[in-house]
Amino acid sequence: MAQVTREILVNTLEQIALLLELKGENPFKTRAYRNGAEIVQNFDGDIVSLAAQNELKLIKGIGDALQQKLFELASTGTLRYFEDLRSEFPASLFELFELQGLGPKKIKALYDNLGIDSIHSLKEACAGTEITKLSGFGSKTVSKILSTIENREKFAERFRLGEVAPLAETLLERLKNHPKVSRAAIAGSYRRSKETLHDLDFLVASSEPVELTAFFTSFDEVHEIIVQGETKASIRLNNGLQCDLRAVSNEHYPFALQYFTGSKEHNVALRSIALKQGLSLNEYDFTGEVQLPEVREESDIYQALGLEWVAPELRENRGEIEAAQRAELPRLVELDHLRGTFHNHTTASDGSHTLEEMAAAAIDHGLQYLGIADHSQSSVQANGLSEVRLREQIEKIRQYNQEAQDFRLFAGSEVDILKNGELDFEDELLAQLDYCVASVHNAFGLPEKEMTQRIIRAMENEHVTMLGHLTGRLLLKRDPYDLNIEKIIDCAAETRTVIELNCNPWRLDMDWRWWHRARDRNVLTSINPDAHKTEQLQFLAYGVRLARKGWLRREDVLNTMKLSEIQSWLALPKHQR
DNA sequence: GCCGTTTTCGGCCCGACTGTTTTCAGTCG
């Protein structure tokens, strides 16, 4: 039997929901499966083992039927009910659900009447006329389907936070500067700082919503207008990114901001708290028979429900509501708490700027210190430094520091963790450095156990200050390598090894979902841009956003220490840190 | 299919927009 994973449980429930929709089943039954998928996805614990032991009954939203099905799937690897359902339709039918504008009813009509069972056959059918003979399908529907298929081939479905942010902020400024706009924000997953985004949700407060949707859809960057109504509009930009706009009154704005920031799970939990107080919360208002609280800002909504205001990054229903009820939310780290940063490259290896240029840029950023960590000798592809060149660089940094005032460079190395867990330089050389970042750059395919052991061995080295980009993932491009992160975190706690939060928009590694756990074990992070150019020091802003998402406070972040503190800290033997 | 301090049946979020249709179904978020 193949290894059953959480992902398999989730996907199976979601596919059952789709199949039931296709069959025209009771929509609430469909929702129960979809809801179940969400619960399994977000469950904090080993849901697969619990399912295999038939111990899910106490979880709200999982009833007898779902428990039984998850038990069968987790313990045998297959689910008869699902297999039977699935055999009623061709597998390729599922891809039609990926097209915006096509839902179960339309897909069923296409399949039942014309035998259309894939995007390919749909595209062919659109060239003919038979589709327009179906009830509900006119010429506009056909041309819309064709453009959706074309866009799907041309554009990505998701985007990296850091790659979207500059444009997002430009568009937001434009909306804010409109004379009929009193308040504006980007809500949604952008405000929650998810590492990848599907779209941007703009929100404006305005007395002239029609004018604003027209303004929005006339932006130069617009590739197509998806919808445009009186209070909302959707556009696709030239880069493929979808942007939605909601225009609401100033009174409704705090509610809309809260509602459209999400997450859905956070809002569901919030609404149920409201209901217990006799209040109903929606995207525009509080309603109810009781005295309605006065709301001018988003924070007033939380206050009215007896909660601390929850920072958007935390709104994932991962314990923040309970913490807000107890007034125990963390004071999250902020960008201007950072005093320096550690993982940066220069022209000595694969960077674009010299040591002096990087130092000047760091000073411009208001930093008190900058760690230089060029690649080590095994990273030939990145022009890694030989032992001799590293010694020269250390000397150069010492000279720089003799002349520098109120600023300091730290001599480090991004030293490769070799396949067997040994480091790329001898301990004698590592001891000359102020610090050392240890990273994996090859042999990504090792089995989980070996990869974990490899990194643990590196952490056990006295000279390894921190781990670089822990899982090697490249967002939307390359999966993390197999690694037991729980063990890594435990070992980091034991060996006093720092785990980097790599701020490169492609990495944002380690993943934000693990930081709370690391924090609770007193593992420190260092927010590092992995800068290969001076302008990439700006990546620090993304790292801070993800650190906040991981519940990290100022005291959990090594590079919030001021220069004198960090010097003392680095001087300590590792086990005393 | 799930839930319940309104508790074993009856309700489950609903408003905005589009397209095709003469009053509304389907989709989305």
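Just so we're clear, the structure is a prediction, and the values are computed from it rather than from any experiment. First the proteins, then the strands, lettered A, B, ... as listed; each starts at 1.
- For residues 64-71 of chain A, proximity to DNA chain B is found at A/Asp64, A/Ala65, A/Leu66, A/Lys69, defined as any non-hydrogen atom under 4.0 angstrom from a strand atom.
- Spacing of C1' atoms, B/dC17 relative to B/dC12, comes out at 24 Å, to the nearest Å.
- Remark: P of B/dC14 and CG of A/Leu275 are 11 Å apart, rounded to the nearest angstrom.
- Residue contacts shown for A/Glu283 are absent, as no nucleic acid heavy atom lies under 4.0 Å away.
- Under a cut-off of 6.0 angstrom, the local environment of CZ in A/Arg80 is sparse, with at most 12 non-hydrogen atoms contributed by other residues, nucleotides or ligands.
- For residues 302-320 of chain A, the pairs satisfying side chain to side chain donor-acceptor pair (under 3.5 Å) are A/Arg192-A/Glu316, A/Gln258-A/Tyr302, A/His266-A/Tyr302, A/His266-A/Glu320, A/Glu298-A/Trp309, A/Glu298-A/Arg315, A/Tyr302-A/Arg315, A/Glu313-A/Arg548, A/Glu316-A/Lys549, with sequence neighbours left out.
- Take A/Asp201 and apply the salt bridge (Lys or Arg N to Asp or Glu O under 4.0 Å) test, not counting sequence neighbours, and it matches no residue.
- A heavy atom lying under 4.0 Å from DNA chain B marks the following residues of residues 221-233 of chain A, by number: A/Val227, A/Gln228, A/Gly229, A/Glu230, A/Thr231, A/Lys232.
- Side-chain contact, A/Thr5 with A/Glu7: no donor N or O sits under 3.5 Å from an acceptor N or O.
- With respect to the salt-bridge test (charged N to carboxylate O, under 4.0 angstrom), the residues A/Arg34 and A/Glu21 qualify.
- Between the side chain of A/Ser92 and the backbone N or O of A/Asp117, at least one donor-acceptor pair lies under 3.5 Å.
- Under 3.5 Å, the side chains of A/Lys69 and A/Tyr33 contain a donor-acceptor pair of N or O atoms.
- The stretch residues 8-26 of chain A touches DNA chain B through A/Asn26, each having a heavy atom within less than 4.0 Å of the strand.
- Comparing the P positions of B/dT23 and B/dC28 gives a spacing of 25 Å, expressed to the nearest Å.
- Nucleic acid contact for A/Phe260: none, since no nucleic acid atom lies under 4.0 Å from a heavy atom of the residue.
- In this structure, the CZ atom of A/Arg34 is 16 Å from the C1' atom of B/dC2, given to the nearest Å.
- Residue A/Thr132 is out of contact with every strand shown, counting any heavy-atom pair closer than 4.0 Å.
- Summarising the geometry, the separation between CD1 on A/Ile39 and P on B/dC3 is reported as 8 Å, rounded to the nearest angstrom.
- Going from the P atom of B/dT20 to that of B/dT27 covers 13 Å, rounded to whole Å.
- Side-chain atoms of A/Gln536 and A/Asp530 include no donor-acceptor pair closer than 3.5 Å.
- When rounded to the nearest whole Å, the span between CG of A/Leu99 and P of B/dT27 equals 12 Å.
- A/Asn502 and A/Asp509 form no side-chain donor-acceptor contact under 3.5 Å, judged by distance and modelled atom types alone.
- To the nearest angstrom, C1' of B/dC17 lies 12 Å from CD of A/Gln100.
- Looking at residues two or more places apart in sequence or on another chain, you find a ring-ring contact (aromatic ring centres under 6.0 Å, His included) between A/His178 and A/Phe215.
- Each of A/Tyr81 and A/Asp201 lies near DNA chain B, and the nucleotide nearest A/Tyr81 is the one positioned closer to the 5' end.
- For A/Arg246, the salt bridge (Lys or Arg N to Asp or Glu O under 4.0 Å) criterion is met by A/Glu283, not counting sequence neighbours.
- In this model, no donor atom of one side chain and acceptor atom of the other lie less than 3.5 Å apart for A/Thr129 and A/Thr132.
- Within the structure, the side chain to side chain donor-acceptor pair (under 3.5 Å) test picks out the following pairs touching residues 155-164 of chain A (sequence neighbours left out): A/Arg158-A/Thr196, A/Arg160-A/Glu163, A/Glu163-A/Trp506.
- Here the separation of B/dA16 from B/dG11, taken at their C1' atoms, is 24 Å to the nearest Å.
- Between A/Phe97 and A/Phe94, the ring planes are tilted. Angles from 30° to 60° get that label.
- Residues of residues 140-149 of chain A that place a heavy atom closer than 4.0 Å to DNA chain B, in numerical order, are A/Lys140, A/Thr141, A/Lys144.
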Protein-nucleotides 21-26 of chain B N/O pairs under 3.5 Å:
none

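- Contacts of A/Phe286 classified as ring-ring contact (aromatic ring centres under 6.0 Å, His included), with partners at least two apart in sequence or in another chain: A/Phe255.
- B/dT6 and B/dC2 have their P atoms separated by 23 Å, with the value rounded to a whole Å.
- For the pair A/Asp199 CG and B/dT27 P, the interatomic distance rounds to 19 Å; values are reported in whole Å.
- B/dG15 and B/dT21 have their P atoms separated by 26 Å, given to the nearest Å.
- The base-pairing partner of B/dG10, taking Watson-Crick or G-U wobble contacts with both distances under 3.5 Å, is B/dC3.
- Applying the side-chain contact (heavy atoms from CB on, under 4.5 Å) test between A/Val164 and each of A/Ile186, A/Leu237, A/Leu197 identifies A/Leu197 as the sole match.
- Atom CD of A/Glu221 has more than 12 heavy atoms from other residues, nucleotides or ligands within 6.0 Å.
- With sequence neighbours excluded, the residues that form a ring-ring contact (aromatic ring centres under 6.0 Å, His included) with A/His223 are A/Phe155.
- A straight line from CG of A/Asp285 to C1' of B/dG15 spans 14 Å, rounded to a whole angstrom.
- At the heavy-atom level, A/Lys264 lies nowhere under 4.0 Å from the strands shown.
- Nucleotide B/dG29 holds its P atom 15 Å from the CG atom of A/Leu245, rounded to whole Å.
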